[in-house]
*Asks:* 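Here's a structure for you.
Just the heavy atoms: all of them, side chains too, but no hydrogens, waters or symmetry mates, feed the values below. One-based numbering, in listed order, for ligands and for the atoms of each.
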Amino acid sequence: MDINGRIVVITGGGGGIGRAMAAAFAAAGAGAVVVADIDGDAAERVAAGLRANGHEALGLRCDVAHEADTIAVVDAAVAAYGQIDIFCANAGIVVAGGVEVLDAEWERIWDINVRSHVHAARAVLPAMLERGEGYLINTASAAGLLTQIGSAPYAVTKHAAVALAEWLSITHGDAGIRVSCLCPQGVWTAMTGAPDDADDAGAEDGVAEGATTGGDSGDGLQRDFAVSTAGRDGMLMPAEVAAAVIEAVADERFLILPHPIVAEYEVRRASERDGWLRRMRRVHAMIRASAGG
Ligand SMILES: NC(=O)c1ccc[n+]([C@@H]2O[C@H](COP(=O)([O-])OP(=O)(O)OC[C@H]3O[C@@H](n4cnc5c(N)ncnc54)[C@H](O)[C@@H]3O)[C@@H](O)[C@H]2O)c1
């Protein structure tokens with residue numbers, strides 16, 4: 001799809017990958033960018049930054065765990081700009097742990113990482129189908145193609161997000177709906193311990209080292225990133241991920257792999273499942289050993 005003049009909505013656009021995507025879509029000529037985030041001030045700050053650079057932008061508070069909030073964002077975007085051409089369901093969270101994680105936390109991550117994608121598609125598809133054109137970009141993760149050491153809720157919900165994106169593409173592709181699924185490995189954002197202004201820094205400025213030693217949020221996941229495959233393959237900057245998104249939209253390519261090695265891992269997983277599981281158990285053991293347990 002030609003991004004020029006398109007109306008783009010991005011959830012989780014107040015920080016990290018979403019903020020970088022907002023900047024990249026604006027720079028690529030989007031007609032307007034609607035930045036939605038549970039942190040309404042952050043959303044407005046990103047939108048104000050875009051407006052200061054001469055772009056059309058709106059910042060809105062939206063908790064994607066609530067369908068009514070997504071509907072309100074869609075209504076506001078349509079009221080302001082007439083239609084939505086590209087909806088990026090990008091907001092996501094991580095919850096560390098395994099099956100012991102409480103149901104309330106499973107519910108919360110399910111709502112944010114998966115159900116919000118259902119709500120977004122439900123809200124925008126009717127108008128897109130009527131026009132015979134529209135683009136859904138759903139942020140999953142390489143964890144949705146492989147796994148996430150240290151977080152069953154993240155691995156499971158991201159697999160579900162990939163499955164939904166594939167289903168939408170299969171079901172609505174012939175009706176003009178384009179779907180892309182963004183599946184990065186490690187990206188230097190708040191989720192992986194980056195300070196809020198990290199995406200202003202250069203990718204070579206010790207960021208990978210920072211990622212491996214960055215502050216631990218207490219759940220050990222940032223440390224896990226450091227030792228895991230994601231850590232070894234290198235952390236990308238959000239702007240690099242956003243650039244991959246812009247490129248994929250131009251090509252209307254389903255799978256967006258800012259770390260291309262993920263395609264190889266997926267092939268190995270599919271073609272030799274027991275070997276892949278054995279290797280992942282070794283990664284898991286390395287992580288446990290590095291954690292002293
Ligand atoms: N950072 C990584 O290494 C990585 C890797 C693969 C996939 N992802 C995925 O990319 C997406 C963005 O992650 P990020 O790294 O930029 O994280 P981040 O924490 O830096 O940014 C996430 C943004 O989403 C917002 N948000 C959180 N909960 C929300 C909610 N309920 N409703 C609306 N907004 C909400 C936050 O306020 C924040 O601005 C997520 O779906 C994440 O799972 C991240």
*Asks:* Measure from atom 37 (O) of ligand 1 to every heavy atom in Asp37, Asp39, Asp69 and give the option owning the shortest one.
*Replies:*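 Ranked by closest heavy atom to atom 37 (O) of ligand 1, first place is Asp37.
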*Asks:* Can you confirm, on distance only, whether ligand 1 has an N/O atom lying under 3.5 Å from any N/O atom belonging to Val64?
*Replies:*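 Right, the criterion is met.
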*Asks:* With heavy-atom distances below 4.0 Å as the criterion, list the atoms of ligand 1 near Thr139.
*Replies:*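 In order of numbering, the contacting atoms are 9 (C), 10 (O), 11 (C), 41 (O).
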*Asks:* Below 4.0 angstrom from a heavy atom of Gly16, which ligand 1 atoms are there? Numbered from 1 as shown, please.
*Replies:*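 It comes down to these atoms of ligand 1: 16 (O), 20 (O).
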*Asks:* Quick check: Ile93 and ligand 1, any N/O pair under 3.5 Å apart?
*Replies:*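 So ligand 1 has no N or O lying under 3.5 Å from an N or O of Ile93.
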*Asks:* Specify side chain, backbone, both or neither for Asn90, according to which of its non-hydrogen atoms lie closer than 4.0 Å to ligand 1.
*Replies:*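 Asn90 to ligand 1: contacts from backbone and side chain alike.
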*Asks:* Quick check: does Val187 get an N/O under 3.5 Å from an N/O on ligand 1?
*Replies:*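 Yes - when backbone and side-chain N and O of Val187 are compared with those of ligand 1, one distance drops under 3.5 Å.
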*Asks:* Can you sort out which atoms of ligand 1 are near Gly92, meaning under 4.0 Å from one of its heavy atoms?
*Replies:*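 Every atom of ligand 1 under 4.0 Å from some heavy atom of Gly92: 40 (C), 41 (O).
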*Asks:* Is the contact between Tyr154 and ligand 1 made by the side chain, the backbone, both, or neither, using heavy atoms and a 4.0 Å cut-off?
*Replies:*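 Answer for Tyr154: side chain.
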*Asks:* Do any nitrogen or oxygen atoms of Ala142 come within less than 3.5 Å of a nitrogen or oxygen of ligand 1?
*Replies:*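 No, Ala142 has no N/O under 3.5 Å of an N/O on ligand 1.
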*Asks:* Quick one: does Gln83's side chain get under 4.5 Å of Arg131's, heavy atoms only?
*Replies:*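 With C-beta onward as the side chain, the pair touches.
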*Asks:* May I ask you to list the atoms of ligand 1 that are less than 4.0 angstrom from any heavy atom of Ile112?
*Replies:*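 By the 4.0 Å cutoff, the relevant atoms are 31 (N).
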*Asks:* So if I count the atoms of ligand 1 from 1 in the order they appear, which ones are less than 4.0 Å from some heavy atom of Thr192?
*Replies:*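 Heavy-atom distances to Thr192 below 4.0 Å select 3 (O).
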*Asks:* What part of Cys62, side chain from CB on, backbone N/CA/C/O, both or neither, has a heavy atom under 4.0 Å from ligand 1?
*Replies:*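 The answer is the backbone.
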*Asks:* Is the shortest heavy-atom distance from the side chain of Ile10 to the side chain of Val46 under 4.5 Å?
*Replies:*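 A side-chain contact is absent here, since even the closest heavy-atom pair is not under 4.5 Å.
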*Asks:* Check this for me: Asp251, atom CG, are more than 12 non-hydrogen atoms of other residues, nucleotides or ligands nearer than 6.0 Å?
*Replies:*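 Yes, enclosed.
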*Asks:* For Glu105, is the CD atom crowded, meaning more than 12 foreign heavy atoms sit under 6.0 Å from it?
*Replies:*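 Counting neighbours around CD of Glu105, more than 12 heavy atoms of other residues, nucleotides or ligands fall under 6.0 Å, so yes.
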*Asks:* Does any non-hydrogen side-chain atom of Arg108 lie less than 4.5 Å from one of Val95?
*Replies:*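 The answer is yes; the side chains approach within 4.5 Å.
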*Asks:* Contact between Arg279 and Glu272 at the side-chain level, heavy atoms closer than 4.5 Å - yes or no?
*Replies:*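 Answer yes - side chains close enough.
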*Asks:* Is it the side chain (CB and beyond), the backbone, both or neither of Ala140 that lies under 4.0 Å from ligand 1, heavy atoms counted?
*Replies:*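 Just the backbone.
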*Asks:* Considering both backbone and side-chain atoms of Pro184, is one of its nitrogen or oxygen atoms within less than 3.5 Å of a nitrogen or oxygen in ligand 1?
*Replies:*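 For ligand 1, there is no N or O atom that lies under 3.5 Å from one belonging to Pro184.
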*Asks:* Could you list the atoms of ligand 1 found under 4.0 angstrom from a heavy atom of Ala91?
*Replies:*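 Going through ligand 1 atom by atom, the ones under 4.0 Å from Ala91 are 33 (C), 34 (N), 35 (C), 41 (O).
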*Asks:* Does some non-hydrogen atom of Lys158 fall short of 4.0 Å from ligand 1?
*Replies:*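 Yes, Lys158 has a heavy atom closer than 4.0 Å to ligand 1.
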*Asks:* Is the shortest side-chain heavy-atom distance between His66 and His119 below 4.5 Å?
*Replies:*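 The answer is no, as the side chains (C-beta and beyond) never meet within the 4.5 Å cut-off.
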*Asks:* With atoms numbered from 1 as shown, which atoms in ligand 1 lie under 4.0 angstrom from a non-hydrogen atom of Asp63?
*Replies:*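 Ligand 1 atoms under the 4.0 Å threshold to Asp63: 30 (C), 31 (N), 32 (N).
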*Asks:* Going by the atom numbers of ligand 1, which of them fall below 4.0 Å from some non-hydrogen atom of Gly186?
*Replies:*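 This gives 3 (O) as the contact atoms.
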*Asks:* For a 4.5 angstrom cut-off between non-hydrogen side-chain atoms, does Arg115 reach Glu107?
*Replies:*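 The answer is yes; the side chains approach within 4.5 Å.
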*Asks:* Report the distance from atom OG1 of Thr147 to atom OH of Tyr154, rounding to the nearest 0.5 Å.
*Replies:*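 So the OG1 of Thr147 and the OH of Tyr154 are separated by 11.5 Å.
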*Asks:* Under 4.0 Å from ligand 1, counting heavy atoms only, is it the side chain of Met235, its backbone, both or neither?
*Replies:*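 No part of Met235 comes within reach of ligand 1.
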*Asks:* Within the distance-only criterion (no hydrogens, no angle test), does the side chain of His117 pair as donor or acceptor with the backbone N or O of Val162 below 3.5 angstrom?
*Replies:*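 Absent.
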*Asks:* Would a 4.5 Å heavy-atom cut-off, applied to side chains only, mark Val241 and Met21 as touching?
*Replies:*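 SC-SC contact between Val241 and Met21 ruled out.
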*Asks:* Heavy atom under 4.0 Å from ligand 1: found in Ile38's side chain, backbone, both, or neither?
*Replies:*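 Both parts.
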*Asks:* Contact between Val74 and Phe87 at the side-chain level, heavy atoms closer than 4.5 Å - yes or no?
*Replies:*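 Yes, their side chains come closer than 4.5 Å.
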*Asks:* Has the side chain of His172 got a donor or acceptor atom that lies under 3.5 Å from a matching backbone atom of Ile177?
*Replies:*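 No, His172 side chain to Ile177 backbone: no donor-acceptor pair under 3.5 Å.
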